[in-house]
Amino acid sequence: MLWTRWLVLLLCWGATGSEEQADERGAVPAEVRSDSRRERSPPPVEPLDFGFVPAAVYDTHAYYEPGSMGILFHMVHAFLYIIQPNPFPKDLIVKVIQQNMGGIKIEEWRKPENVVLLLQWIQYESGFLICATFGVVFVVLIPVIAMCFCMCRCCDNCGGEMHQRQRKNADCHRGFYTASLVATTIFIIVGVLIALAANHNISSQVKSTRRLINTNMRDLKTFANNTPAQVDYLTAQYTTAKNKVLSDLDNIGPLLGGRIHIQLEKSVIPSLDTALRMAGAKVESAIKAMRETKEALENVSSSLEVLQDGVGKLQASLSGERASLSNTLSDPACTNGAVSHTCNTIRSTLSQLGINADFSKIPDVNHALANVNTVLKTDLSNIVQKGYASFNDTPRLVKEQTKNIVAALPRVKGMLDKIGAEIIGFSKMFPVEASLANFTIFLNERHKAIESYYPQIDQMDFYRWIACVAVLCMVVLVMAFNILGLLCGNCGYDKQASPTTRGCLSNTGGNLLMAGVGFSFIFAWVLMVIVTTLFVVGGNVEKLICEPLANRQLFKIIDTPFLVHPEKRNFLPGMLFQNPNIDLTLGGMYRECYDNNGLYHALQLETMFNINSFLNRTVYNRDLAKVFDSVQVDLQGITLLEQAGRDNLINFANSGIGQIDFQVYLTEVNKGVTLIDLLSFCSDLEGQADQLPRGALENALRGHASSIRFIHREQVVPLEQAMSTLHQSVKQLQKTSNDLPVKVTNVLSAIDAAEYLIAHNASHVVKQETKAYVQGLVGYFKQYTEWVKNSLTTEVAQCKPISNIVDSMEIVGCSFIIDSLNTFWFGLGSCCILLIPSIIFSVKLAKYYRRMDTEDVFEDGQENWN
């Protein structure tokens, strides 16, 4: 039927797989440093919450607990195991089916292989054949024995003679026969009760069958009604993956930048800390040296200006003082003979009042100072902070470098919407809802048709129940005669009465026992026919169908390769899909449905519909891959020191301080300010004045000494201090001029090393995280396809109703009917077997209850009836 085809195909749209993409993006980064280039596994993709597929709740509980009847069922199963202990003949049945696929013909059985199969089958059925033979012999012999027994009694034999011989142990015999007949009767009654319970169990379970039918029908309707909603839910959840991809692309700066920053903190920052600390230490040392150099140059420049200006003023002061002192010595008082020698001595020292150091010809250091000031304008102290800031600002950098991705979001959204539309369109290619609606209508019609048979089934079951009761009434009738015969015989029996004088009640008991014997002969063979027929049918059904169905051996026969045709490997897919090469078995399908997995997985529809390639081709297509491949981020543009700063450092290291002629400075500084120590000159001048007589000349010379001391204090001392400062600064510059180029070179090397670390090691991490970010975007789609695959396997169109139907058929056919039927013939058969001893004991016991026509007479006149 068409609806069965659509039922099989209703989920074909959603096959998914986790096939890996053929093109792996991301180049292998070049090796720079082995300690920082160790590959690491990509971080796990953030799991998406697709929710729960709307679950179907099925009402059928395909489980049967027989209760107290289970004891009887186990007894029957044990009896059948004794009769048929051989294992299920799977191979034999397969051979029989394969060799007789074209139909069974009489002449075919003459072939040796078929003769062997027949003998194997007879061997397997030997237990049933023996029992059936016994039943047939019983059926044949009982009427013959009954006829012979009747004819024998008519000839006054076989207990037919109405004469009882007197024996001393007659009471013992009577008691034994009574007890034996009572025991036999009790066992027969037990057999009747077993058969009656089985008969009643069939009727009661027929009513339970309606419940199983109703729940199975409801489950099939639930299956048909829920499947379209489940399919729609799977297609709708594509939006979850789509929205997550769009969100991650829109927030690529914080997300990717944050991941890069976190990973850098783990792998690159420790190495960068060391590099930047080294660079920072070297920079601080260089900056300190530059500042000291600047300070020394400033001191040299200022001291040189002070010296040049002060020396000029000192020269003028000393020249004036020398001229004034020369005028004083020109006084007529110096012409006196005693005084003239002193004046001449003083006049001879006037040439010593002059300047010794000449700083006017020393070049200035303004050019070197300008170079230092230019270098110090470069903020070298911010290099370390700039290095860390470059990493802390990674999200902004990523955002700037991925503007094209954010700008392409509308186009990406259009692509994803188109993919979603293709998935929905593909799911609509198959008329699932229409097919399931037709299937639901079919179920309703079938359910109504089945319900229309309920009255007929009840009527047939009633007739069956009446027939079984009628059969049992045959046994009950015999038991009634036995019981009444025992009661009447025992109650009417009189030990003192002779056999010819026994009472009417006792005689009635004996007649009832004989009536029971007669009915036993009449009914026994009929009952055995019924028992043998039910035994052969019910026993074989139990051993060949019910037991293999319970342990799933029956499925193995159906799933045997090439069972029905030498060119058709598997029966089930050949029947459903006209493709017998699909590895689909009835047993495997039953197990999947029993575990409540999806029909798609149970029927292995993925072998027919390559939905994996559809989703791989649709969900992650080339256009989307190009957008993801365009995500490129690098940190190679980060610089810690601009080129202008580098040039200044290099120019400073190569020129400036190294061109200063320090020896010229030191030579002039070492000369002293004046040609003679002015204080010593003043002391000598005052000593000379002391040799002169008191008067104007003496006072004039003392005034000149005082003036020269004033010049020394006001002009020479500051110049000497400036010269000392100049000397120290020149010495400092001379020392620094040798170390500063090396420190500048170290600074540049440290900065180069830090930038190298950023440009290569950090960039490797960036490439890894960028690749992981792109893989995460792809991972969202893979999560969706994997979720769809798992949902189709376990949650969508769960085929538990199919296994429930099989289990319900097993329960109804085997547990309800076959087990009860086997129990019925088991009880009835025991009654048939026990009728034979019942006949014997009844005949023997009736002799003691019936009134005899003649009796034994003793000569001594003493009668002993014991």
Side-chain angles (χ1 to χ4, degrees), residues 62-66 70 73-101 104 113-114 116-129 131 212 535-566 568-576 580 582-597 602-604 799-823:
Y63 176 77
Y64 172 63
E65 181 59 47
F73 294 163
H74 287 307
M75 290 174 56
V76 175
H77 292 163
F79 176 76
L80 289 175
Y81 179 77
I82 295 173
I83 298 299
Q84 178 56 281
N86 299 318
F88 180 66
K90 173 181 173 294
D91 297 334
L92 179 59
I93 295 176
V94 170
K95 290 179 181 179
V96 171
I97 295 175
Q98 289 178 340
Q99 293 187 15
N100 297 277
M101 289 185 296
I104 300 177
E113 59 271 16
N114 288 336
V116 172
L117 292 177
L118 181 60
L119 293 176
Q120 291 177 350
W121 185 260
I122 292 173
Q123 181 184 3
Y124 174 77
E125 291 284 340
S126 58
F128 284 102
L129 292 176
C131 292
L212 283 175
F535 165 75
V536 173
V537 175
N540 278 285
V541 171
E542 172 66 26
K543 300 298 289 187
L544 295 176
I545 296 179
C546 291
E547 283 188 5
L549 186 59
N551 56 28
R552 312 309 171 202
Q553 290 290 326
L554 197 61
F555 292 156
K556 294 182 179 180
I557 292 180
I558 301 175
D559 296 334
T560 301
F562 310 106
L563 177 66
V564 297
H565 196 278
K568 296 181 179 180
R569 177 178 177 83
N570 294 316
F571 168 74
L572 184 61
M575 182 185 67
L576 294 178
I582 298 177
D583 191 16
L584 173 62
T585 60
L586 186 61
M589 176 183 173
Y590 173 82
R591 285 192 299 271
E592 295 294 338
C593 291
Y594 184 83
D595 294 335
N596 203 22
N597 291 327
L603 291 178
Q604 298 184 16
C799 59
K800 185 68 174 178
I802 296 178
S803 67
N804 283 340
I805 291 175
V806 176
D807 294 339
S808 298
M809 292 174 62
E810 178 189 354
I811 291 173
V812 173
C814 296
S815 299
F816 289 177
I817 298 177
I818 296 300
D819 282 348
S820 299
L821 178 65
N822 290 337
T823 304

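Because the structure is a prediction, the values reported are computed rather than measured.
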Novice: State whether the side chain of Gln84 and the backbone N or O of Tyr124 hold a donor-acceptor pair below 3.5 Å, judged by distance alone.
Specialist: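 Side chain of Gln84 to backbone of Tyr124: a pair is present.
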
Novice: With distance as the sole test, does Asp595 use its side chain to make a donor-acceptor pair with the main-chain N or O of Asn597 at under 3.5 Å?
Specialist: no

Novice: Distance check, rounded to the nearest 0.5 Å: Ile811 atom CD1 versus Tyr63 atom OH?
Specialist: 9.5 Å

Novice: What heavy-atom pair brings Leu544 and Leu554 nearest, and what distance separates the two atoms?
Specialist: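 For Leu544 and Leu554, the tightest heavy-atom pair comes out as O-CD1, 4.2 Å.
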
Novice: Identify the two heavy atoms, one from Leu821 and one from Gly538, that lie closest to each other, and give their separation to 0.1 Å.
Specialist: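 Closest heavy-atom pair between Leu821 and Gly538: CD2-CA, 4.4 Å.
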
Novice: Under the side-chain contact (heavy atoms from CB on, under 4.5 Å) rule, what do Leu129 and Ile122 come out as? Steps first, then yes or no, please.
Specialist: CA-CA 8 Å; Leu129 292 176; Ile122 292 173; 3.8 Å; yes

Novice: Can you tell me how far apart CD1 (Ile93) and CD1 (Ile557) are? Round to the nearest 0.5 Å.
Specialist: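 Separation between the atoms: 4.0 Å.
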
Novice: Taking salt bridge (charged side-chain N to carboxylate O under 4.0 Å, His left out) as the test, write out the residues that go with Arg552, two or more places apart.
Specialist: Asp807, Glu810

Novice: Could you check whether the rings of His77 and His74 sit parallel, tilted or perpendicular, using 30° and 60° as the cut-offs?
Specialist: perpendicular

Novice: Tell me the closest heavy-atom pair linking Gln553 and Phe88, and the distance in Å.
Specialist: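 Scanning both residues, the minimum pair turns out to be CB-CD2, 3.9 Å.
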
Novice: To the nearest 0.5 Å, what is the distance between CG on Leu549 and CD on Glu542?
Specialist: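 Here the rounded value is 10.5 Å.
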
Novice: Locate the shortest heavy-atom distance separating Ile83 from Cys131; write the atom from each residue and the value.
Specialist: CD1-SG, 3.3 Å

Novice: Using 0.5 Å steps for rounding, measure from the CG atom of Asn540 to the CG atom of Leu80.
Specialist: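 Atom-to-atom, Asn540:CG and Leu80:CG are 9.5 Å apart.
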
Novice: Determine the minimum heavy-atom distance between Ser803 and Tyr590, stating which atoms define it.
Specialist: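 Heavy-atom minimum between the residues: CB-CE1, 3.8 Å.
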
Novice: Are there over 12 heavy-atom neighbours, none belonging to Tyr594, within less than 6.0 Å of that residue's OH?
Specialist: no

Novice: Hey, does Phe555 have a side-chain heavy atom less than 4.5 Å from the side chain of Pro548?
Specialist: no

Novice: Might you point out which heavy atoms bring Ala602 and Glu592 nearest each other, and give the distance in Å?
Specialist: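 Looking at all heavy atoms of both residues, the closest pair is CB-CB, 3.7 Å.
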
Novice: Roughly how far, to the nearest 0.5 Å, is the SG atom of Cys814 from the CE atom of Met809?
Specialist: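 That separation rounds to 9.5 Å.
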
Novice: Pair Ile802, Met589 - check side-chain contact (heavy atoms from CB on, under 4.5 Å), show working.
Specialist: CA-CA 9 Å; Ile802 296 178; Met589 176 183 173; 4.0 Å; yes

Novice: So Phe816 and Tyr64, would you call those rings parallel, tilted or perpendicular, with 30° and 60° as cut-offs?
Specialist: perpendicular

Novice: How far does CD1 of Ile818 sit from OG1 of Thr823, to the nearest 0.5 angstrom?
Specialist: 10.5 Å

Novice: Contact between Gln123 and Asn86 at the side-chain level, heavy atoms closer than 4.5 Å - yes or no?
Specialist: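 Result no, sub-4.5 Å side-chain heavy-atom pair not found.
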
